[in-house]
Amino acid sequence: MSCILLVDDEAALCESLAYSLKKEGYEVTTAPDGHSAIKQFHKQVPDVILLDLMMPEVDGMEVCWRIRAFSNVPILMLTAKDQDMDKVRGLEAGADDYVTKPFNTRELLARIKAVLRRHQGEPA
């Protein structure tokens, strides 16, 4: 079973998305902010990170940079920032994919499966 770290400060989104992911057979851990995300990452390295960009204190971009400094775990950014430059910055920061809110849950699940296929067998 693959483990997903879901990082978003929007509690309702986290709850509904975690429910959908668990229904698909994923183990889900959540973090409400960047500090918690980094701490949770070190406790249990996930197979995939779903990372919001706009969070208080440590934003998703900073979390992505910090994790990329020592890990190649797949990161999918989930964000309301939908400008082309935002997408480019996210991908250049090390994200494997960039999904804008609102998103289709089925499409997100397909993207998670695709990134897991590409990263199978690689060490975290």
Side-chain angles (χ1 to χ4, degrees):
M1 173 186 325
S2 295
C3 178
I4 296 176
L5 174 57
L6 172 57
V7 186
D8 200 305
D9 60 341
E10 192 178 328
L13 173 72
C14 267
E15 188 176 316
S16 66
L17 186 52
Y19 175 80
S20 296
L21 292 166
K22 287 175 184 177
K23 271 182 59 175
E24 291 294 316
Y26 294 106
E27 179 184 331
V28 180
T29 305
T30 60
D33 57 60
H35 285 299
S36 299
I38 292 167
K39 286 180 185 175
Q40 186 59 42
F41 183 90
H42 289 294
K43 279 186 193 174
Q44 177 186 7
V45 177
D47 297 300
V48 176
I49 300 172
L50 302 180
L51 180 62
D52 184 26
L53 276 181
M54 297 184 291
M55 293 182 294
E57 296 182 42
V58 179
D59 68 9
M61 198 69 69
E62 181 68 24
V63 172
C64 187
W65 286 324
R66 289 185 188 183
I67 289 174
R68 278 292 169 257
F70 59 85
S71 175
N72 66 352
V73 66
I75 298 174
L76 284 79
M77 290 190 171
L78 299 179
T79 180
K81 290 187 159 202
D82 62 356
Q83 298 296 310
D84 288 343
M85 273 313 297
D86 295 320
K87 295 174 187 177
V88 169
R89 283 187 59 228
L91 294 168
E92 287 179 346
D96 295 278
D97 204 350
Y98 193 103
V99 179
T100 56
K101 297 176 186 176
F103 52 85
N104 177 291
T105 304
R106 299 298 317 151
E107 178 184 350
L108 178 61
L109 289 167
R111 289 174 181 267
I112 291 168
K113 288 176 184 173
V115 77
L116 282 170
R117 274 194 311 271
R118 287 192 303 271
H119 284 85
Q120 280 181 338
E122 291 185 20

task = Applying side-chain contact (heavy atoms from CB on, under 4.5 Å), run through T79 and D86 and close with a yes or a no.
result = CA-CA 10 Å; T79 180; D86 295 320; over 6 Å; no
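- One finds the CG atom of L53 at 12.0 Å from the CD atom of E62 (value rounded to the nearest 0.5 Å).
- Residues passing the salt bridge (Lys or Arg N to Asp or Glu O under 4.0 Å) test with D97 are R111, sequence neighbours excluded.
- Applying the salt bridge (Lys or Arg N to Asp or Glu O under 4.0 Å) rule to pairs touching residues 41-51 yields nothing, sequence neighbours excluded.
- Listed here is the closest heavy atom pair of G90 and M77: CA-SD, 3.7 Å.
- The side chain to side chain donor-acceptor pair (under 3.5 Å) test applied to R106 returns E24, not counting sequence neighbours.
- When hydrophobic clusters are built by joining Ile, Leu, Val, Met, Phe, Trp and Tyr residues whose side-chain heavy atoms come closer than 4.5 Å, directly or via intermediates, F70 is grouped together with L51.
- The closest side-chain heavy-atom distance from V73 to I67 is below 4.5 Å.
- For K87, the side chain to side chain contact (heavy atoms under 4.5 Å, CB included) criterion is met by D84, Y98, T100, not counting sequence neighbours.
- Between M54 and A80 the shortest heavy-atom distance is CE-CB, 3.8 Å.
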task = Would you please test V7 and I49 for side-chain contact (heavy atoms from CB on, under 4.5 Å) and show each step?
result = CA-CA 7 Å; V7 186; I49 300 172; 4.3 Å; yes
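- Atom NZ of K113 and atom OG of S2 lie 10.5 Å apart (nearest 0.5 Å).
- Taking every heavy atom of both residues into account, A37 and L5 meet most closely at O-CD2, 3.7 Å.
- Residues passing the salt bridge (Lys or Arg N to Asp or Glu O under 4.0 Å) test with D96, sequence neighbours excluded: R68.
- For the atom pair M61 CE and M55 CE, the distance stands at 10.5 Å (nearest 0.5 Å).
- Shown here are the side chain to side chain donor-acceptor pair (under 3.5 Å) partners of Q44, two or more places apart in sequence or in another chain: E27.
- Shortest non-hydrogen contact noted between A95 and C64 is N-SG, 3.7 Å.
- Under the rule for a side chain to side chain contact (heavy atoms under 4.5 Å, CB included), A110 has no partner lying at least two apart in sequence or in another chain.
- In the hydrophobic clustering, V88 connects to no other residue, as no ILVMFWY side-chain heavy atoms lie under 4.5 Å from its own.
- Side-chain contact between R66 and I38 is present, with heavy atoms from C-beta onward closer than 4.5 Å.
- Remark: T29 engages no residue in a side chain to side chain donor-acceptor pair (under 3.5 Å) (not counting sequence neighbours).
- If you chain together ILVMFWY residues whose side-chain heavy atoms come under 4.5 Å of each other, L21 ends up grouped with I4, L6, L13, L17, Y26, V28, V48, L50, L76, L78, V99, F103, L108, L109, I112, V115, L116.
- Sorted by first then second residue, the side-chain hydrogen bond (donor to acceptor under 3.5 Å, both in side chains) pairs that include residues 7-22, not counting sequence neighbours, are D8-K101.
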